Amino acid sequence: MRINASIPIHRGMEKLDKDAFRKSIDVLAAEVAPATTHNLLKAPEMRGVIIDLPKIKSVVPAPEGKRLVLTRFTDESDLSLETKQYLESQSAKLVNHTINLDYDYWTADDILSSILPAELVEGAPSGYAMVGHIAHLNLNDEYLPYKYIIGQAILDASKNAGIKTVVNKLDSISNQFRVFKMELLAGEPNYVVEHHEADCRFTFDFSEVYWNSRLHTEHSRLVEQFKPEDVVADVFAGVGPFAIPAAKKGCGVFANDLNPNSFKYLSKNITDNRVHQLVRASCEDGRDFIRRVVSRALADPLPSPEAAVSKTQVLKAEKAARKLSQLGQLPPKLEVHQPKRSRITQFVMNLPDSAITFLDAFRGVLSPENNDGRDLSGLYKAADLPMVNCYCFTRELEIERAEKDIRERVEEKIGHPLGGDVSLHYVRSVAPTKEMYCISFRLPGEVAFGS
Ligand SMILES: C[S@@+](CC[C@H](N)C(=O)[O-])C[C@H]1O[C@@H](n2cnc3c(N)ncnc32)[C@H](O)[C@@H]1O
């Protein structure tokens, strides 16, 4: 008989009993001198005979310095005549050997296929998303009675993947700050993660702020479109997945989020990624931010990308100068050229549920009334008006209809038709009848300078 290496079945187990997953498998083995093992492993007569189980070695030590080559059979009578004759020619002695498997041997999928009712095995939640050390699941109701075993099985089987905490997201996000409520299924109740995206390090409390790893391609796509000279106003910045990579490429950034916890981690991430010269963070309502950020950029302009680089060079040069003066030598004079940037060139609005409803805040945003009486028509010429990159959802599943729907809603809010500089990018499907898009358009002058 072939060995039976399937997991013991414990359908309906709701409380994990690790001992229940112990299993002993008796196998037939060929005992040989160490020098002969290689022959057996390569011999055509042994093809299909040697054991082939994940994590199980096919050659194990035996008494008196010998080796056991394990087969996938339980009995000598299972071997073909050809195989038996070959083993005899190699002076192999057939013996019995026991392989002991325990809970740690099995994969999370194995454990779930054992404990779940048969009808739930197919479609079992084998996949999970990772944020830092947290694996998060979105369990359907029928799997909830088994949630703790599912969590523990994922934690135990995937330790090497760096998982320390497994959570189940409790609802779809409907609160203002787009934060998931979550329940701990297994591991440490520690939700402060360190996550890497686009060569940047992000620290945040996953239970207090919005983060979606699935957006990483969209974050990169938009940031790639920015030029280092751009000044970006990120209205709903979260913990900085647009703002910080943009600053890393040289953009000046005004990054805002109303959630105080997002602001706290955004500020930390700005420091940790050493982009503090190029990013100004704020914590206010998006509408107020849009109205204020133009004046803010005038009052507190951002250094140019070169200046941000030269600042690092200055620090280095200062260090070198200190050394020289300790040696009694005169350090060279340092000159820092710091042109400033005071014109916003890009707005980012990633709050797809309601970002469009904030667009009326752009009416008159560049007008003298909104900017302490200043005339900004020289700074913001028609071709230099900011691009607005606004995320939104639509229930229109066909691209032309989606475009029409989004465009109409945008134009209604800004109170003016969009000009020629408009593009629409499909981001992802969030539900069977709901898609996420990013519309990018140049702010019409009539809107920006209107009353
Ligand atoms: C969908 S998240 C996007 C975060 C980040 N830009 C990203 O791509 O991961 C939207 C963010 O908007 C923030 N937010 C919600 N309402 C806001 C408001 N009225 N003003 C400013 N920020 C707001 C939330 O706290 C959340 O961080």
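Below, each value reflects all heavy atoms present in this structure, side chains not excepted, and no hydrogens, waters or symmetry copies. Please read all numbers here as calculations on a predicted model, not as lab measurements. As the structure lists them, so they are numbered: ligands from 1, and atoms in each ligand from 1.
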S.K.: Answer yes when Arg280 and Asp300 have at least one side-chain N-carboxylate O distance shorter than 4.0 Å, and no when they do not.
M.R.: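 A salt bridge is present here (some side-chain N lies under 4.0 Å from a carboxylate O).
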S.K.: Strictly below 4.0 Å, N to O, side chains only: are Asp405 and Arg409 in salt-bridge contact?
M.R.: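 Salt bridge present between Asp405 and Arg409.
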S.K.: Check for a donor-acceptor pair, side chain of Asn168 on one end and backbone N or O of Leu139 on the other, with a separation under 3.5 Å.
M.R.: yes
S.K.: For the pair Arg292 and Glu284, find out whether any cationic side-chain nitrogen is under 4.0 Å from an anionic carboxylate oxygen.
M.R.: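 Result for this pair is yes, salt bridge flagged.
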S.K.: So if I apply the ring pair (Phe, Tyr, Trp, His ring centres under 6.0 Å) rule between His195 and each of Tyr265, Phe206, Trp211, which one comes out positive?
M.R.: Trp211
S.K.: Distance under 4.0 Å to a non-hydrogen atom of Glu284: what atoms of ligand 1 satisfy this?
M.R.: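 Under 4.0 Å from Glu284, ligand 1 has these atoms: 20 (N), 21 (C).
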S.K.: Are Glu183 and Lys147 within salt-bridge range, i.e. N to O under 4.0 Å?
M.R.: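 Salt bridge present between Glu183 and Lys147.
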S.K.: Do the ring centers of Phe236 and Tyr210 come within less than 6.0 Å of each other?
M.R.: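 No, the ring centres sit 6.0 Å or more apart.
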S.K.: Charged N to carboxylate O below 4.0 Å: is that the case for Lys404 and Glu408?
M.R.: yes
S.K.: Considering only non-hydrogen protein atoms, determine which one is nearest to atom 7 (C) of ligand 1 and report residue, atom name and distance to 0.1 Å.
M.R.: Pro241 CG, 3.4 Å
S.K.: Tell me which protein heavy atom sits closest to atom 15 (C) of ligand 1, plus the residue, atom name and distance to 0.1 Å.
M.R.: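 Checked against all protein heavy atoms, atom 15 (C) of ligand 1 sits closest to Gln176 O, 3.2 Å.
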S.K.: So is Leu258 polar-close to ligand 1, meaning N/O to N/O under 3.5 Å?
M.R.: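 Yes, there is a polar N/O contact under 3.5 Å.
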S.K.: Identify the closest protein heavy atom to atom 20 (N) of ligand 1: which residue and atom is it, and at what distance?
M.R.: Gly286 N, 2.8 Å
S.K.: Can you sort out which atoms of ligand 1 are near Asn259, meaning under 4.0 Å from one of its heavy atoms?
M.R.: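 What qualifies from ligand 1 is 25 (O).
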S.K.: Enumerate the atoms of ligand 1 whose separation from the nearest heavy atom of Phe358 is less than 4.0 angstrom.
M.R.: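 So the answer, numbered in order with elements, is 19 (N).
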S.K.: For ligand 1, note which part of Phe177 has a heavy atom under 4.0 Å away: side chain, backbone, both or neither.
M.R.: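 Looking at Phe177 and ligand 1, atoms from backbone and side chain both fall under 4.0 Å.
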S.K.: Tell me the contacting part of Phe242 for ligand 1: side chain, backbone, both, or neither, using a 4.0 Å heavy-atom threshold, strictly below.
M.R.: side chain
S.K.: Any donor-acceptor pair under 3.5 Å linking the side chain of Asp421 with the backbone of Phe441?
M.R.: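 Not at all, since once roles are kept as given, no pair shorter than 3.5 Å links the two residues.
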S.K.: Are Ser377 and Asp375 close enough that a side-chain donor and a side-chain acceptor fall under 3.5 Å?
M.R.: yes
S.K.: Measure His219 to ligand 1 on non-hydrogen atoms and call it side chain, backbone, both or neither using the 4.0 Å cut-off.
M.R.: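 Side chain only.
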S.K.: Under 4.0 Å, heavy atoms only, figure out whether ligand 1 is touched by the backbone of Phe289, its side chain, both or neither.
M.R.: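 Within the 4.0 Å criterion, Phe289 makes no contact with ligand 1.
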S.K.: Tell me: protein heavy atom nearest atom 14 (N) of ligand 1, and distance?
M.R.: Phe236 CD2, 4.0 Å
S.K.: Could you find the nearest protein heavy atom to atom 19 (N) of ligand 1 and give me its residue, atom name and distance?
M.R.: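 Looking at atom 19 (N) of ligand 1, the protein heavy atom closest to it is Asp285 OD1, 2.8 Å.
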S.K.: Nearest non-hydrogen contact with atom 26 (C) of ligand 1 belongs to which option: Leu222, Asp257, Asn350, Val235?
M.R.: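 Nearest option to atom 26 (C) of ligand 1, by heavy atoms: Asp257.
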S.K.: Identify, for atom 2 (S) of ligand 1, the protein heavy atom at the shortest distance, and state residue, atom and that distance.
M.R.: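 For atom 2 (S) of ligand 1, the nearest protein heavy atom comes out as Tyr210 CD2, 3.3 Å.
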